[in-house]
2 protein chains.
Amino acid sequence: MAAKPFAPVTSESIGDYLKAILELGGSEELRVTTKALAERLRVRTPSVTGMLQRLAAERPALVVYQKHHGVQLTAAGKRRAWELVRHHRLLELFLHDVLKYSWDEVHDEAERLEHFISERFEDRVAAILGDPEIDPHGHIIPHKYEAAACRDEVPLARWALQTPATISSVRDRDPAALREIERLGFMPGTGLVVERRNAASSLSVRIAGQADGMRISLDLAECIFVIAPAG
Amino acid sequence: MAAKPFAPVTSESIGDYLKAILELGGSEELRVTTKALAERLRVRTPSVTGMLQRLAAERPALVVYQKHHGVQLTAAGKRRAWELVRHHRLLELFLHDVLKYSWDEVHDEAERLEHFISERFEDRVAAILGDPEIDPHGHIIPHKYEAAACRDEVPLARWALQTPATISSVRDRDPAALREIERLGFMPGTGLVVERRNAASSLSVRIAGQADGMRISLDLAECIFVIAPAG
DNA sequence: ATATGAAATTAGGTTATCCTAATTCTGGCC
DNA sequence: GGCCAGAATTAGGATAACCTAATTTCATAT
Ligand SMILES: [Mn+2]
Ligand SMILES: [Mn+2]
Ligand SMILES: [Mn+2]
Ligand SMILES: [Mn+2]
């Protein structure tokens with residue numbers, strides 16, 4: 001009766017490891033280090049080593065683990081990680097659009113609930129949102145059973161000067177940064193140009209169609225991702 | 001900044017124990033036995049004993065535990081248990097009305113999610129549902145920070161013969177029974193009379209305004225709760 | 001080729017929650 | 001008052017997911 005799930009179901013903890021490996025590995029799927037995982041997950045490195053050994057021993061294996069040389073996700077690990085990313089982004093959009101959360105409130109709630117909703121919940125939320133493509137922070141919502149497409153995003157802090165850019169997404173994990181970004185008007189879809197780098201770790205930026213520019217800290221510019229316009 | 005929560009936050013497991021003690025104790029708040037808890041929670045009795053000792057040792061204590069003589073909830077335990085009941089019933093109604101779950105699908109999902117939603121989630125769901133009073137099975141949704149009112153419900157199996165009754169609620173835990181109840185038309189609010197008890201563990205029941213009666217099993221009649229009409 | 005410091009692993013321990021097997025308590029019945 | 005069956009508890013152990021302290025490995029810089 002119960003169909004075999006496409007992606008293995010995991011504990012909350014394992015799910016968080018898989019998602020962290022996915023996100024730290026980037027689109028090139030580089031091997032991720034123990035230390036990077038420990039920092040991201042706020043645990044100590046021996047906890048990471050222990051968990052990686054378990055994930056590699058699982059049948060089917062969720063990661064390829066080479067002692068002292070980091071981990072990568074297997075196909076099974078990737079399936080589960082992308083499923084959680086889909087849950088996360090659908091939940092964020094649902095919390096924002098239906099339950100009227102502000103965009104800085106959605107992340108923490110989604111981060112917890114993504115592990116506990118059923119496939120049915122996922123499907124119904126997608127349905128009432130009209131199979132959405134983009135979450136409140138501009139992130140692409142993967143299709144069911146698929147990895148998300150990926151754009152060539154660059155943090156605003158590394159974008160070339162005097163070159164038009166469009167904001168594609170913003171980091172979702174820092175509520176204070178999100179409030180600041182909203183206050184300044186750097187919403188996904190907005191066009192802008194970086195006019196110069198200032199000594200004081202800040203950037204002078206002008207939003208398309210606005211007369212005067214503004215200064216934002218490099219820290220904040222690391223939270224804003226841009227692409228070439230009109231892609 | 002973060003206000004002290006009105007009810008202690010608990011693990012999923014502890015929450016399930018507290019809710020089970022609340023529900024098994026009934027409105028008279030009788031002491032609940034180790035065995036009853038073990039059955040309800042599908043764990044072995046030594047697990048229950050161990051957990052009860054922990055709940056009693058917690059500061060503030062969540063239960064009053066007398067070795068060999070069962071447990072009762074303390075005020076703190078009751079607060080948490082009722083909070084979870086509120087979460088559960090709000091979630092069931094939300095899943096049914098907003099996400100279009102059928103009434104036999106809502107229980108299991110709510111049983112899990114009730115432990116993981118935040119106060120904000122609870123409040124927003126209540127708001128979009130218009131501060132509802134009754135869940136899809138006819139159960140009263142407690143107000144925030146309060147125990148639910150309670151009615152003098154009786155299982156249909158124990159209602160006097162030939163005496164008009166109104167269905168107040170139905171048991172929410174058994175999907176197959178719920179589908180049967182729906183098929184037969186025993187929805188909360190429906191009026192009926194029990195015409196007789198038959199030998200074959202069944203009841204002959206006539207729904208108000210319907211010409212002919214029907215037979216339902218005593219098992220099913222244990223899942224349907226009734227009160228005197230027009231209360 | 002070797003030394004060294006950062007990164008990673010191993011060793012050993014804790015807590016939460018569950019289990020089985022063994023033991024003890026309790027309430028009713030003669 | 002003593003016996004018994006069922007209920008409950010204690011004893012001892014497993015597993016998941018953490019931790020600190022000790023040790024090992026790796027990459028690089030002389
Ligand atoms: Mn998470
Ligand atoms: Mn997001
Ligand atoms: Mn539950
Ligand atoms: Mn219900």
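Numbered from 1 within each chain, the chains take letters A, B, ... in sequence-line order.
Contacts of T45(A) with the nucleic acid, taken as non-hydrogen atoms under 4.0 Å apart, include base atoms. Residue S13(A) is in sugar-phosphate contact alone, with no base atom involved, counting any heavy-atom pair closer than 4.0 Å across all strands shown. Across all strands shown, S47(A) has heavy atoms under 4.0 Å from base atoms, whether or not it also approaches the sugar-phosphate.
Counting heavy-atom neighbours within 6.0 Å of R31(A) CZ, excluding the residue itself, gives a total of 12 or less. For R44(B), the CZ atom counts as loosely surrounded, since its 6.0 Å shell holds 12 or fewer non-hydrogen atoms of other residues, nucleotides or ligands. Within 6.0 Å of CZ on R42(B) lie no more than 12 heavy atoms contributed by other residues, nucleotides or ligands.
Atom CG of D16(A) and atom C1' of dC18(D) are 14 Å apart (whole Å). Rounded to whole Å, atom P of dA16(C) lies 12 Å from atom CG of L55(B). To the nearest angstrom, C1' of dT9(D) lies 16 Å from CE of M51(B). At whole-Å resolution of the value, CD in Q66(A) and C1' in dA7(C) are 15 Å apart. Here dT9(C) presents its C1' atom at 12 Å from NE2 of H69(A), a figure rounded to the nearest Å. For E12(A) and dA16(C), the CD to C1' distance is 15 Å, given to the nearest whole Å. Atom NZ of K35(B) and atom P of dA5(D) are 16 Å apart (whole Å). Atoms NZ (K67(B)) and C1' (dT26(C)) sit 14 Å apart, rounded to a whole Å.
Here the nucleotide nearest the side chain of P46(A), chosen from dA8(D), dC18(C), dT9(C), is dT9(C). For H68(A), taking side-chain heavy atoms from C-beta onward, the closest of the listed nucleotides dT25(D), dC18(C), dT9(D) is dT25(D). With dT9(C), dA8(D), dC19(D) as the choices, the nucleotide that has an atom nearest any side-chain atom of T34(B) turns out to be dA8(D). Nearest nucleotide to the T49(B) side chain, out of dT9(C), dT9(D), dA7(D): dT9(D). Among the nucleotides dA8(D), dC26(D), dT20(D), the one closest to any side-chain atom of R44(A) is dT20(D).
Using a 4.0 Å cut-off between charged nitrogen and carboxylate oxygen, K35(B) and E39(B) count as a salt-bridge pair.
Side-chain N/O atoms of Y17(B) include one lying less than 4.0 angstrom from OP1 or OP2 on dC18(C).
Below 30°, between 30° and 60°, or above 60°: for F116(A) and F116(B) the angle between ring planes is below 30°, a parallel geometry.
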